[in-house]
Amino acid sequence: MPLDILKIRKDFPILSQQVYGKPLVYFDNAATTQKPLKVIDTISEAYKMYNSNIHRGVHHLSEKSSEAYENARAVVQKFINAKFSYEIIFTRGTTESINLVAFSFGERYIREGDEIILSTMEHHSNLVPWQMLCERKKAKLKVIPMNANGELILDEMDKLFTPKTKIVAVTHISNSLGTINPIKEIIKKAHDRKVPVLIDAAQSVQHTKIDVQDLDCDFFAFSGHKLYGPTGIGVLYGKEEYLNEIPPYQGGGDMIHHVTFEKTVYNKLPFKFEAGTANYIDAIGLAVAIDYLTTLGIYEIAMYEHELLQYAASKLQTIEDLIVYGNAKYKSSVFSFLLKGIHHYDTGMILDKLGIAVRTGSHCTQPVMDFLKIPGTVRASFAFYNTKEEIDVLYEGLLKVKQMMS
Ligand code: PMP
């Protein structure tokens with residue numbers, strides 16, 4: 001069934017406000033998404049009714065919050081079809097999930113001279129942690145190149161593998177270009193050479209149906225706040241065999257089984273990787289966001305967002321001197337562009353005064369901007385609560401930018 005967008009918009013109180021006297025047009029969804037009332041109410045209710053630290057208490061409230069937290073883990077497990085709930089580790093977000101793997105996998109498996117394969121279009125979160133690991137271990141990064149459309153050149157990837165390749169870490173969807181990468185093929189290429197793969201799914205879980213068992217990825221990272229859930233909560237999925245093999249990332253409460261001054265025996269999965277008080281309230285909120293999305297239907301969301309992207313592409317590209325960056329065959333709802341001769345920052349500032357929220361800059365992908373030889377882009381990123389009428393507002397806004405800057 002097609003989505004009832006006007007009804008859906010009522011679930012997001014933030015969308016009905018005015019900015020500088022103009023109706024807000026929120027096109028910064030790749031940076032963070034807005035939260036449905038259900039998520040906001042769940043968090044508020046948890047604090048009002050049953051807040052209590054998890055896993056440690058015998059009392060009623062602690063049992064209730066522990067149960068809700070573990071239920072959230074089960075919701076995430078089902079959402080991405082992980083085999084076991086203990087393969088789901090709650091983290092602060094994609095960045096922390098990737099840092100965890102870069103550290104723990106790095107400690108266990110990376111030695112001097114080893115190689116790690118990334119792609120040109122990685123977010124800094126899936127680049128800098130690996131670079132830090134390489135500095136620590138004297139290992140080396142290798143980069144899958146991309147073509148002018150913003151698509152990875154997979155034939156070139158084949159040439160990067162050597163017996164020293166220890167892991168491949170790639171993004172599923174590019175946050176600055178919108179490219180949807182053929183991750184199943186990438187995973188297969190790596191597995192054929194017995195190399196594990198981490199997928200940065202920060203931009204994909206909210207747009208496409210995910211089945212980690214079908215993908216056969218070894219690690220999979222995403223953030224709650226880009227999935228219509230709270231900030232400060234994210235997920236790392238890891239295959240049991242790797243999570244058991246790699247050491248903990250942080251030490252502290254909850255991640256231990258037994259402690260003496262001589263030695264600590266670590267807790268079993270997933271607690272081994274969840275040191276200290278977990279962000280249980282936001283995990284509970286995330287589970288409600290996932291329920292909300294799955295009730296709408298991920299396929300329906302994907303179809304509608306695709307329609308928005310196509311509408312934006314056909315309408316906005318009629319503007320003279322508008323250059324689109326990211327012309328991959330398979331794209332998610334990210335529209336990155338520049339108006340010739342106008343700095344991205346000026347475009348963003350003028351649009352803001354018209355109530356339109358877009359992001360400008362390098363979008364934490366400086367190597368992509370270096371490749372394109374531009375300082376940054378203007379990025380409009382769409383969610384299922386956006387409308388074609390809002391794209392029309394952006395169109396008019398861009399004409400105004402051109403007029404003002406000419
Ligand atoms: N990877 C990608 C592709 C992203 O778009 C982002 C967020 N912009 C991140 C990683 C980092 O996510 P977070 O800041 O939520 O940790």
Side-chain angles (χ1 to χ4, degrees), residues 26-35 39 76 80 89-103 118-132 143-144 146 150-152 168-183 186 197-208 210 217 219-237 249 279 282-283 285-286 289-290 305 325-326 328 330-336 357-369 371 376-383:
Y26 186 76
F27 282 161
D28 197 15
N29 295 288
T32 200
T33 51
Q34 301 305 345
K35 321 303 169 198
V39 170
V76 173
I80 61 169
I89 314 290
F90 281 118
T91 63
R92 276 197 305 125
T94 311
T95 303
E96 190 175 58
S97 297
I98 297 172
N99 272 276
L100 187 162
V101 179
F103 176 82
L118 311 179
S119 86
T120 313
M121 63 178 80
E122 297 314 315
H123 187 281
H124 298 159
S125 293
N126 197 29
L127 192 173
V128 182
W130 300 109
Q131 214 162 39
M132 288 160 69
V143 184
I144 311 167
M146 67 178 180
E151 293 162 318
L152 295 182
V168 172
V170 285
T171 193
H172 189 176
I173 295 183
S174 156
N175 64 308
S176 50
L177 303 173
T179 312
I180 303 175
N181 286 321
I183 50 168
I186 291 173
V197 181
L198 174 141
I199 299 297
D200 173 350
Q203 297 292 343
S204 73
V205 273
Q206 62 279 51
H207 302 296
T208 31
I210 296 294
C217 54
F219 299 102
F220 187 87
F222 60 95
S223 302
H225 71 100
K226 294 186 198 276
L227 187 55
Y228 309 90
T231 50
I233 188 77
V235 170
L236 172 68
Y237 157 82
Y249 176 48
N279 186 358
D282 290 319
L286 173 60
I290 290 174
E305 289 175 344
Y325 293 95
Y330 300 105
K331 260 187 84 167
S332 85
S333 51
V334 165
F335 191 79
S336 245
V358 291
R359 187 137 299 236
T360 64
S362 71
H363 319 296
C364 294
T365 56
Q366 286 178 13
V368 172
M369 301 304 140
F371 173 83
T377 70
V378 182
R379 182 186 71 186
S381 49
F382 312 120

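In listed order, ligands and their atoms are each counted from 1. Values in this document were obtained by computation on a predicted structure and should not be read as measured data. Numbers for residues simply follow the sequence, beginning at 1.
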Tell me whether Thr171 reaches ligand 1 (any heavy atom closer than 4.0 angstrom to a ligand atom). yes
So, His363 and Ser176: side-chain donor and acceptor under 3.5 Å apart, yes or no? no
Are the side chain of Lys35 and the backbone of His225 linked by a donor-acceptor contact shorter than 3.5 Å? yes
Which protein heavy atom lies closest to [atom], and at what distance to 0.1 Å?
{"atom": "atom 8 (N) of ligand 1", "answer": "Lys226 NZ, 2.7 Å"}
{"atom": "atom 3 (C) of ligand 1", "answer": "Asp200 OD2, 3.5 Å"}
{"atom": "atom 5 (O) of ligand 1", "answer": "Gln203 NE2, 2.7 Å"}
{"atom": "atom 14 (O) of ligand 1", "answer": "Thr95 OG1, 3.6 Å"}
{"atom": "atom 4 (C) of ligand 1", "answer": "His123 CD2, 3.3 Å"}

Pair Tyr237 + Phe219: ring centers closer than 6.0 Å: no
Closer than 4.0 Å to some heavy atom of Ser223 - which atoms of ligand 1 meet that? 12 (O), 13 (P), 15 (O), 16 (O)
Only heavy atoms of Ala202, strictly under 4.0 Å: list the atoms of ligand 1 that pass. 1 (N), 2 (C), 4 (C), 6 (C), 9 (C), 10 (C)
Hey, mind stepping through His123 and Ser125 against side chain to side chain donor-acceptor pair (under 3.5 Å) and telling me if it holds? CA-CA 5 Å; His123 187 281; Ser125 293; 3.1 Å; yes
Just how far is it from atom OG1 of Thr91 to atom CZ of Phe222, taken to the nearest 0.5 Å? 9.0 Å
Which of Asn126, Leu118, Val170, Thr171 passes side-chain contact (heavy atoms from CB on, under 4.5 Å) with Leu198? Answer is Asn126
Considering the options Thr120, Asn181, Leu152, which one meets the side-chain contact (heavy atoms from CB on, under 4.5 Å) requirement together with Ile144? Leu152
Note: His225, heavy atoms under 4.0 Å from ligand 1, region reported as side chain
